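One structure is given here, and the rest of the page talks about it.
Computed from a predicted structure; not experimentally measured.
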Amino acid sequence: MSLVEEAAKIIAESKYLIAFTGAGISAESGIPTFRDPGGIWDQFDPTEVGTTGGFLGMISRNPGRIRDFLKQTMDTFEKADPNPGHKGLVELEKMGILKSVVTQNIDDLHGMAGNSRVFEVHGNLYRHRCMSCGRTEKSTRDELIAKTRAALEVEPFDIKTLAAEIFRKCTCGGMMRIDVVMFGEPVQEMAESYHEASQCDVVLILGTSGVVYPAAGVPVEARRKGAKAIEINPTTNAFQGITDVYIKAKSGEAMPQVVDMVRELR
Ligand code: NAD
């Protein structure tokens with residue numbers, strides 16, 4: 001039996017499948033991962049632009065660099081659409097097998113693809129959250145990118161204009177910020193994610209190096225509660241100690257094959 005067949009059999013027999021995804025599932029949509037070569041992260045250190053202190057420090061020291069970073073980020077995210085990896089998860093949900101997706105990604109591609117229960121432990125780039133009352137407000141990708149781009153193109157560049165565009169005033173009077181979790185900040189929807197992990201009988205792990213905790217504990221918790229684990233990753237079996245089936249492939253290439261086979265087996 002091939003690895004794809006083995007994975008499909010486990011999935012077809014599953015009563016409660018969850019997916020745990022990371023940056024790698026969106027690589028084929030054109031969004032570079034943190035740890036693979038190429039793209040924006042070769043020019044910008046994620047631990048610098050990905051921390052509130054680092055980001056604010058760079059704003060005061062080198063606003064031009066922040067402008068370059070945001071321009072490249074907007075260019076990259078604007079063009080990214082769900083790929084066959086994301087779409088495969090939607091197919092599994094439609095078949096009634098996949099119950100939820102726990103993702104570390106902030107790119108909204110699972111939601112855009114059509115999955116209905118998505119837990120975004122590191123937030124969502126197209127959502128604002130009030131720093132006073134916690135209320136959230138979702139934008140469309142086009143709206144948020146258009147506003148940010150307009151502010152980035154003002155000459156001479158003025159960081160205050162940019163801040164006024166991308167930060168919003170909440171109805172409570174507080175300040176809303178883009179709802180992404182920076183390094184060192186508390187993760188979101190973790191209780192729900194661990195609950196999903198404890199409910200599931202199979203966890204499908206796609207495109208993550210499994211080094212960012214506490215998110216990476218989700219498949220480990222699933223395994224601890226007795227679930228089977230399937231991992232798809234072209235370079236590494238990151239969850240080697242707990243995987244039943246490891247498919248060394250890109251998720252956008254392997255997922256359509258797995259889904260087709262699941263359909264045959266149902
Ligand atoms: P990571 O960068 O640490 O690891 C990515 C993993 O994906 C690697 O193991 C790599 O081998 C694998 N991969 C690369 N191409 C793949 C493909 N086509 N199919 C399947 N797997 C592939 O990513 P991480 O584990 O998610 O941790 C990084 C953190 O960075 C996360 O917390 C995430 O929030 C954030 N991040 C998010 C995005 C996004 O929203 N798309 C992009 C970059 C980073």
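Of all the heavy atoms in T243 and I230, the pair that sits closest is CG2-C, 4.0 Å. Closest heavy-atom contact between S193 and V102: OG-CG1, 3.6 Å. The minimum heavy-atom distance between C200 and A222, with the atom names listed, is SG-CB, 3.7 Å. When all heavy atoms of F20 and P219 are compared, the pair lying nearest together is CD2-CG, 3.5 Å. The minimum heavy-atom distance linking T161 with A151 is given by the pair O-CB, 4.1 Å. The two atoms that bring C172 and C130 nearest to each other are SG-SG, 3.7 Å, heavy atoms only.
Taken together through direct or relayed side-chain contacts under 4.5 Å among Ile, Leu, Val, Met, Phe, Trp and Tyr, V90 and L17 form parts of separate hydrophobic clusters. Residue I178 is grouped with residue I59 when hydrophobic side chains (ILVMFWY) are merged at heavy-atom distances under 4.5 angstrom, including chains of intermediate members. Cluster membership for I66 and V180, using ILVMFWY side-chain heavy atoms within less than 4.5 angstrom, is shared. Linking Ile, Leu, Val, Met, Phe, Trp and Tyr whenever their side-chain heavy atoms come within less than 4.5 Å leaves L206 and Y246 in two separate clusters. Hydrophobic clustering (side-chain heavy atoms under 4.5 Å, transitive across Ile, Leu, Val, Met, Phe, Trp, Tyr) groups I232 together with V262.
For NZ of K138, the number of neighbouring non-hydrogen atoms (other residues, nucleotides, ligands) closer than 6.0 Å is greater than 12. Within a 6.0 Å sphere centred on CD of E153, other residues, nucleotides and ligands contribute more than 12 heavy atoms. Within a 6.0 Å radius of NZ in K15, no more than 12 heavy atoms belonging to other residues, nucleotides or ligands are found. Counting heavy atoms of neighbouring residues, nucleotides and ligands inside a 6.0 Å radius, atom NZ of K99 exceeds 12 of them.
In this structure, R168 pairs ionically with E137, as a charged nitrogen and a carboxylate oxygen lie closer than 4.0 Å. One finds a salt bridge joining E221 and K225 here, because a Lys/Arg side-chain nitrogen approaches an Asp/Glu carboxylate oxygen to under 4.0 Å. Between R65 and D68, no side-chain nitrogen of the basic residue sits less than 4.0 Å from a carboxylate oxygen of the acidic one, so the salt-bridge criterion is not met.
Interatomic distance, CG of L109 versus CG of D81, reported as 7.5 Å (0.5 Å rounding). Atom CG of D201 sits about 10.0 Å away from atom CD1 of I18, to the nearest 0.5 Å. In this structure, CZ in F69 is found 11.0 Å from CG in L152, a value given to the nearest 0.5 Å. Considering CZ of F55 and CE of M182, their distance stands at 6.0 Å, rounded to 0.5 Å. In this structure, the separation between CD on E93 and CG on N115 is 5.0 Å, given to the nearest 0.5 Å. Summarising the geometry, atom OG1 belonging to T76 is positioned 9.5 Å from atom CE belonging to M74; distances are rounded to the nearest 0.5 Å.
D107 has its side chain out of reach of M112: every pair of non-hydrogen atoms, C-beta onward, lies at least 4.5 Å apart. V245 has its side chain out of reach of K228: every pair of non-hydrogen atoms, C-beta onward, lies at least 4.5 Å apart. At a threshold of 4.5 Å between non-hydrogen side-chain atoms, the residues H86 and T21 do not count as touching. Between L98 and L204 there is no side-chain heavy-atom pair separated by less than 4.5 Å. For the pair I25 and T103, the minimum side-chain heavy-atom distance is 4.5 Å or more. At least one side-chain heavy atom of C170 sits under 4.5 Å from a side-chain heavy atom of M176.
Residues D179 and Q188 bring a donor and an acceptor atom of their side chains to less than 3.5 Å of each other. Residues Y126 and E143 bring no donor and acceptor atom of their side chains to less than 3.5 Å of each other.
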* To do: Go through L70 and L162 one step at a time and tell me if the side-chain contact (heavy atoms from CB on, under 4.5 Å) criterion holds.
  => CA-CA 10 Å; L70 289 176; L162 175 67; 3.5 Å; yes
* Asked: What's the verdict on side-chain contact (heavy atoms from CB on, under 4.5 Å) for D75 and R149, showing C-alpha distance, side-chain angles and the deciding distance?
  -> CA-CA 9 Å; D75 288 349; R149 206 184 278 294; 3.0 Å; yes
* Could you walk me through whether V258 and I247 pass the side-chain contact (heavy atoms from CB on, under 4.5 Å) test, one step at a time? => CA-CA 10 Å; V258 171; I247 301 176; 4.2 Å; yes
* To do: Would you sort out whether L144 and H128 count as a side-chain contact (heavy atoms from CB on, under 4.5 Å), showing the intermediate values?
  => CA-CA 10 Å; L144 189 123; H128 280 73; 3.7 Å; yes
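Side-chain atoms of S14 come within 3.5 Å of backbone atoms of Y16 as a donor-acceptor pair (strictly under, hydrogens ignored). No donor-acceptor pair closer than 3.5 Å links the side chain of Q240 to the backbone N or O of N237. A donor-acceptor distance shorter than 3.5 angstrom exists from the side chain of D244 to the backbone of A229, with no hydrogens or angles considered. A donor-acceptor contact shorter than 3.5 Å links the side chain of E28 to the backbone of G252. A donor-acceptor pair under 3.5 Å is formed between the side chain of E231 and the backbone N or O of F239. The backbone N or O of F77 sits less than 3.5 Å from a side-chain atom of R141, completing a donor-acceptor pair.
A side-chain contact (heavy atoms from CB on, under 4.5 Å) with E120 is found for exactly one of I106, N105, L125, D108, namely D108. Exactly one residue among E6, E5, E13 makes a salt bridge (Lys or Arg N to Asp or Glu O under 4.0 Å) with K9. That residue is E13.
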With a cut-off of 3.5 Å and sequence neighbours excluded, list every side-chain donor-acceptor pair involving residues 207-218.
unit_1: T208; atom_1: OG1; unit_2: Q104; atom_2: NE2; d: 3.0
unit_1: T208; atom_1: OG1; unit_2: G210; atom_2: N; d: 3.0

